[in-house]
Protein chains: 2
Amino acid sequence: MRNENGGDRTERIRRVFQEYLRGRNVKCTDARRKVLEAVLDLREHFEAEQVLYFLRERSERVGKATVYRTLPLLVEAGILREVRFDVKHTHYELAFGEAPHDHMVCGRCGRIIEFGSNEVTKLRSKIARQHGFRVTGHRFQITGVCKDCAAAFPAAGQQR
Amino acid sequence: MRNENGGDRTERIRRVFQEYLRGRNVKCTDARRKVLEAVLDLREHFEAEQVLYFLRERSERVGKATVYRTLPLLVEAGILREVRFDVKHTHYELAFGEAPHDHMVCGRCGRIIEFGSNEVTKLRSKIARQHGFRVTGHRFQITGVCKDCAAAFPAAGQQR
DNA sequence: ATGCTTGCAAAACGTTTGCACAGGG
DNA sequence: CCCTGTGCAAACGTTTTGCAAGCAT
């Protein structure tokens with residue numbers, strides 16, 4: 001169930017990380033490599049704590065602080081992307097080579113549905129142009145009730 | 001610099017809150033009224049702590065817990081809206097009677113530019129329909145560099 | 001060898017909660 | 001009067017930081 005996109009991509013990501021570290025004059029250490037491997041295996045949306053658990057399960061000795069210090073590096077390297085579903089945790093997802101996408105979050109079961117952002121990106125450019133704003137990114141999240149939950153609770157999600 | 005939209009709207013909001021509380025069989029207390037007055041004066045984007053400071057400055061005795069317990073009430077009453085600019089704090093803005101809008105955030109100076117969401121709302125409905133998702137809301141944020149900063153630092157914002 | 005990196009524990013941060021008391025309906 | 005709301009302080013969970021020791025270059 002892991003890395004089914006083939007080792008190519010994984011290998012390419014490893015190289016990207018290494019190059020990024022080298023470029024920033026930051027050391028390529030064992031701990032950082034282990035964090036990278038963990039997020040490559042987790043792949044879906046995850047939070048820092050899950051990376052930690054994952055490493056613990058495999059009895060990899062990586063400190064909590066190191067995980068928290070490495071994730072931002074992976075973001076800057078373009079390998080991860082921050083996704084914010086709630087205030088309490090910071091969520092991450094693998095971004096490298098993924099088509100840009102956004103999320104719908106079901107307020108009832110918590111399910112996260114991804115959808116492509118072509119149109120969102122187009123709209124965002126249009127809006128930014130009108131304001132002389134130079135875009136670097138966006139975050140678009142639709143909240144509501146997913147199909148299954150809507151079927152199970154027909155009355156739900158009508159508020160407001 | 002405060003309440004320049006005239007007391008009408010302010011007065012209307014007060015009534016909305018009162019009615020909301022009555023409807024939910026929740027008491028209209030002094031503390032809750034003070035929190036409301038604070039957010040009416042703050043108006044722009046603010047966080048819980050700022051409400052607290054504001055009240056402290058005016059030597060209004062309202063506990064931190066009460067502020068944190070009242071803000072969600074104001075959201076449910078449709079007076080405030082949650083806006084999330086960063087992970088650490090929950091931001092709020094006055095929503096009552098405002099045309100729905102979203103935000104561009106300048107990563108250099110922190111400026112927040114609002115823009116209307118008609119098209120965003122249309123797009124969101126279209127996407128949701130494709131997935132059988134029942135929408136209750138959305139959050140759309142464009143990140144980048146504002147006009148002024150782009151002029152001041154022509155090289156900025158080209159990364160990624 | 002040097003100095004960035006680590007891991008631990010403790011701090012920090014915004015937010016929530018438990019509780020005895022106050023106050024609204 | 002009753003029951004909800006209050007305020008304080010302490011608890012909470014995530015993230016950050018200070019520091020001595022470890023390791024990559």
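Since the structure is predicted, the reported quantities are computational estimates derived from the model, not experimental observations. Naming: A, B, ... by sequence-line order, numbering from 1 per chain.
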Within this structure, what is the [atom1]-to-[atom2] distance between [X] and [N], rounded to whole angstrom?
X	N	atom1	atom2	answer
N25(B)	dG5(D)	CG	C1'	13 Å
L71(B)	dG5(D)	CG	P	16 Å
E60(A)	dG7(C)	CD	P	11 Å
Q18(A)	dA24(D)	CD	P	13 Å
R22(A)	dC4(C)	CZ	P	18 Å
L21(A)	dC4(C)	CG	C1'	12 Å
K34(A)	dT5(C)	NZ	P	17 Å
L73(A)	dC4(C)	CG	C1'	12 Å

With a 4.0 Å cut-off, would you call [X] and [Y] a salt bridge?
X	Y	value
E11(A)	R14(A)	yes
R56(A)	E49(A)	no
R12(B)	D8(B)	no

Practice task
Indicate for each nucleotide in nucleotides 15-25 of chain C, in 5' to 3' sequence, whether protein heavy atoms under 4.0 Å reach the base (B), only the sugar-phosphate (S), or nothing (-).
Solution key: BBBB----BBS

Practice task
Answer yes if the side chains of E93(B) and H101(B) hold a donor-acceptor pair under 3.5 Å, and no otherwise.
Solution key: yes

Problem - Phosphate contact (dA24(D) OP1 or OP2) by R32(A) side-chain N/O below 4.0 Å - result: no

Practice task
Say whether, by atom type as modelled, one donor and one acceptor occur between the side chain of Q141(A) and the main chain of V83(A) under 3.5 angstrom.
Solution key: no

Exercise for the section: List for me each residue that meets salt bridge (charged side-chain N to carboxylate O under 4.0 Å, His left out) alongside R111(A), sequence neighbours excluded, and say none if there are none. Expected result: D148(A)

